[in-house]
Enquirer: 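There's a structure below that I have some questions on.
Just so you know, these numbers use all the heavy atoms, side chains as well, and skip hydrogens, waters and symmetry mates. We name chains A, B, ... by the order of the sequence lines, and we start the count at 1 in each one.
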Number of protein chains: 2
Amino acid sequence: MATGRTHRPATRSRGIPEATVARLPLYLRALTALSERSVPTVSSEELAAAAGVNSAKLRKDFSYLGSYGTRGVGYDVEYLVYQISRELGLTQDWPVVIVGIGNLGAALANYGGFASRGFRVAALIDADPSMAGKPVAGIPVQHTDDLEKIIDENGVSIGVIATPAGAAQQVCDRLVAAGVTSILNFAPTVLSVPDGVDVRKVDLSIELQILAFHEQRKAGEEASPDGSGPAAAPKDTSGQGPDGDVPAVMPA
Amino acid sequence: MATGRTHRPATRSRGIPEATVARLPLYLRALTALSERSVPTVSSEELAAAAGVNSAKLRKDFSYLGSYGTRGVGYDVEYLVYQISRELGLTQDWPVVIVGIGNLGAALANYGGFASRGFRVAALIDADPSMAGKPVAGIPVQHTDDLEKIIDENGVSIGVIATPAGAAQQVCDRLVAAGVTSILNFAPTVLSVPDGVDVRKVDLSIELQILAFHEQRKAGEEASPDGSGPAAAPKDTSGQGPDGDVPAVMPA
DNA sequence: ATGTCTTTGTGAACGCGTGCACAAAGATGG
DNA sequence: CCATCTTTGTGCACGCGTTCACAAAGACAT
Ligand SMILES: NC(=O)c1ccc[n+]([C@@H]2O[C@H](COP(=O)([O-])OP(=O)(O)OC[C@H]3O[C@@H](n4cnc5c(N)ncnc54)[C@H](O)[C@@H]3O)[C@@H](O)[C@H]2O)c1
Ligand SMILES: NC(=O)c1ccc[n+]([C@@H]2O[C@H](COP(=O)([O-])OP(=O)(O)OC[C@H]3O[C@@H](n4cnc5c(N)ncnc54)[C@H](O)[C@@H]3O)[C@@H](O)[C@H]2O)c1
């Protein structure tokens, strides 16, 4: 049983701040688009606009990688694409397994964005015996029994979990035991992993709830200057006013 | 054409920090699980462990909502579920539209996690005429032509974009013009929206690239203590060493 | 009623991330 | 070769988020 910590200790990796690492893929995407249009160089201002960030932030981010720009000119697009790709480890080929080939897992398997950047779907794994052998996105689904063998034979170090929440921790434990050290989790659960294993989660429900919070705030802040606002306010299920304070009734 | 800024100005909403808001759904999930097991009260230590965060952080988070705990005892589970739900706006019913009913959009439509928390799929919208009327997850797909009408009639303020990247900005503009003020974007593009509109993005490709960065770091840090490591190292496409410095060749 | 024991709520310190503003670097033109 | 102009790279200040550590609050037993 994995008893590791869950929150990552913000390991200042190689002098490159975590926040910068998270933005590098954004820059890379913008640069790739420029590259396809054969744009030779780009200024920090232009690239920042394309990536949706502050230009000073972008320059500082790049300064962690080295001095790759030319003052008075900007950055060489091709060269920067290469440097960021190398920094992110995308010059390597990363075999990935997807576990749980349901609605979401199948969509992921069909997603073209994988192969475009050094990621290769090495195998699809599901616990349902009736799915074994059936091809999804051209790849035959394999049974969970062979999980360890699949990980080992393909040299997989990145796993994607798209099983129901109840199975996620168990699947995670098996992946980690088999040698996987990076996990992308789509199941709405907190995964416990040993030190040295990275977990990132994608949680649709959380994102929606955050949006709902801000949405409620927007609706509540302007008391009611106009009845026919940008969108009709959703009906309130509770009798609670939108800006009301504590109901002042403590159950216990 | 929407010419707004993209990065949110970190609007310190109602005194509640953004980082806290992002964790509230996590607490709520853990509390809901406790509630279903009829656990009456929970300490900050226990709940923090369940949510995978530091207990001091959790207490400080709750302190922004008010003093809902009892010293020496902990927090009343049911009461806290209600308070957080109310704070997040989940006591209301939020109609949501999904635009782009392909692989991903269909998976999202089939996802049960929507209805579980106040979110209701009000409509599915796609540009493909051959899909119009066809039911997905029990809901008939409607054509993009009727987008504005659908938003208006259902009082939708939250939209989910699952179209190809090329169509995302255009769809976004139409949603915003029709009154949507919160957008969850699955397409790999930076969306420009006017002030007052919130955008959150879910980007599989970025998450994988961040994992790859750390994976590369792990593999490179221990020089090579063992050839048969936890997982065989993926083959290097370039001739570049994993820890190599700049190639010292500047194209331009 | 009083003491003990548990757990909350928060003051304070610290570190990270962000953005301003500017000096230095280098291209470009005369 | 020199002047000018553009754009990078970064020192600095500030604010947010995290964590420690502890006093205060309240439950519970006697
Ligand atoms: N569908 C979505 O849009 C969506 C969105 C966000 C999150 N999620 C989450 O993603 C996960 C999958 O969602 P889904 O809609 O694809 O569900 P699903 O039920 O369609 O698919 C789940 C799949 O996992 C397989 N499975 C179950 N236990 C397994 C195990 N122990 N090992 C291997 N495979 C196993 C099942 O056979 C099934 O094929 C869920 O946790 C869900 O909450 C889904
Ligand atoms: N499939 C995945 O797992 C996955 C993962 C991450 C990101 N994404 C992104 O999500 C988006 C959708 O992915 P997908 O695999 O479902 O693609 P898809 O091609 O299967 O589906 C796209 C759907 O959008 C519709 N569409 C196109 N233009 C439209 C428009 N202007 N208005 C309304 N609908 C329109 C198409 O008719 C199609 O049904 C893409 O941007 C993709 O990059 C997908």
Enquirer: Got a second to check how far A:Leu24's CG is from A:Leu65's CG, nearest 0.5 Å?
Expert: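 Those atoms lie 5.5 Å apart.
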Enquirer: With rounding to the nearest 0.5 Å, note down the distance linking CD in A:Glu87 to CD in B:Gln216.
Expert: 7.0 Å
Enquirer: For the residue pair A:Tyr79 and A:Tyr82, does the interplanar ring angle fall in the parallel (under 30°), tilted (30 to 60°) or perpendicular (over 60°) class?
Expert: tilted
Enquirer: Could you tell me the separation between the CD atom of A:Glu18 and the C1' atom of C:dT18, rounded to a whole number of Å?
Expert: 16 Å
Enquirer: I'd like to check A:Leu80 versus A:Phe62 (side-chain heavy atoms, cut-off strictly below 4.5 Å). Are they in contact?
Expert: yes
Enquirer: Side chain of A:Ser67, heavy atoms from C-beta onward: which of D:dG9, C:dG17, D:dC22 has the nearest atom to it?
Expert: D:dG9
Enquirer: List the residues meeting side chain to side chain contact (heavy atoms under 4.5 Å, CB included) with A:Val197, not counting sequence neighbours, and say none if there are none.
Expert: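 Side chain to side chain contact (heavy atoms under 4.5 Å, CB included) list for A:Val197, sorted by chain: A:Val176, A:Val193, A:Pro194.
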Enquirer: If you look only at distance, which donor and acceptor atoms sit under 3.5 Å apart when one is on a side chain in residues 29-39 of chain B and the other is two or more places apart or in another chain?
Expert:
from: B:Arg29; atom 1: NH1; to: A:Asp203; atom 2: OD2; distance (Å): 2.8
from: B:Arg29; atom 1: NH2; to: A:Asp203; atom 2: OD1; distance (Å): 3.2
from: B:Arg29; atom 1: NH2; to: A:Asp203; atom 2: OD2; distance (Å): 2.9
from: B:Thr32; atom 1: OG1; to: B:Leu28; atom 2: O; distance (Å): 2.7
from: B:Thr32; atom 1: OG1; to: B:Arg117; atom 2: NH2; distance (Å): 2.6
from: B:Ser35; atom 1: OG; to: B:Glu78; atom 2: OE2; distance (Å): 2.6

Enquirer: Under 4.0 Å between a side-chain N or O of A:Arg23 and OP1 or OP2 of C:dT18?
Expert: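 Answer yes for this pair, as a side-chain N or O of A:Arg23 is under 4.0 Å from OP1 or OP2.
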Enquirer: Step by step, work out the ring-ring contact (aromatic ring centres under 6.0 Å, His included) result for A:Tyr75 and A:Tyr68.
Expert: CA-CA 7 Å; A:Tyr75 299 90; A:Tyr68 293 152; 8.6 Å; no
Enquirer: Between P on D:dG17 and CD1 on B:Ile16, what's the gap in Å once rounded to a whole number?
Expert: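 Roughly 12 Å, once rounded to whole Å.
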Enquirer: Does the side chain of B:Asn54 get closer than 4.0 angstrom to OP1 or OP2 of D:dG17 through an N or O atom?
Expert: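 For D:dG17, OP1/OP2 do not have a side-chain N/O of B:Asn54 under 4.0 Å.
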Enquirer: Between atom CG in B:Leu58 and atom P in D:dT18, what is the gap in whole Å?
Expert: 12 Å
Enquirer: Could you check how far CG of A:Leu47 sits from P of D:dT7, rounded to whole Å?
Expert: 14 Å
Enquirer: Using whole Å, report how far CD of A:Glu45 lies from P of D:dT7.
Expert: 9 Å
Enquirer: OP1 or OP2 of D:dT10 versus the side-chain N and O atoms of A:Lys60: is any pair under 4.0 Å?
Expert: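 No.
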Enquirer: Reckon B:Tyr75 touches a base, only the sugar-phosphate, or nothing at all at heavy-atom distances under 4.0 Å?
Expert: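 Answer is sugar-phosphate: B:Tyr75 comes under 4.0 Å of backbone atoms only.
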Enquirer: Considering just the side-chain nitrogens and oxygens of A:Ser44, establish if one lies under 4.0 Å of OP1 or OP2 belonging to D:dT8.
Expert: yes
Enquirer: Do the side-chain N or O atoms of A:Tyr64 get closer than 4.0 angstrom to the phosphate oxygens (OP1, OP2) of C:dG17?
Expert: no
Enquirer: Once you round it to whole Å, what is the distance between P of D:dT10 and CG of A:Asp61?
Expert: 13 Å
Enquirer: Send over the distance from B:Lys57 NZ to C:dC14 P, rounded to a whole Å.
Expert: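 After rounding, the gap between these two atoms is 19 Å.
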Enquirer: When every nucleotide of nucleotides 23-30 of chain D is labelled 5' to 3' by its protein contacts under 4.0 Å (heavy atoms), B for base, S for sugar-phosphate only, - for none, what sequence of letters results?
Expert: -BB-S---
Enquirer: May I have the distance from A:Glu46 (atom CD) to D:dT8 (atom C1'), rounded to whole angstrom?
Expert: 14 Å
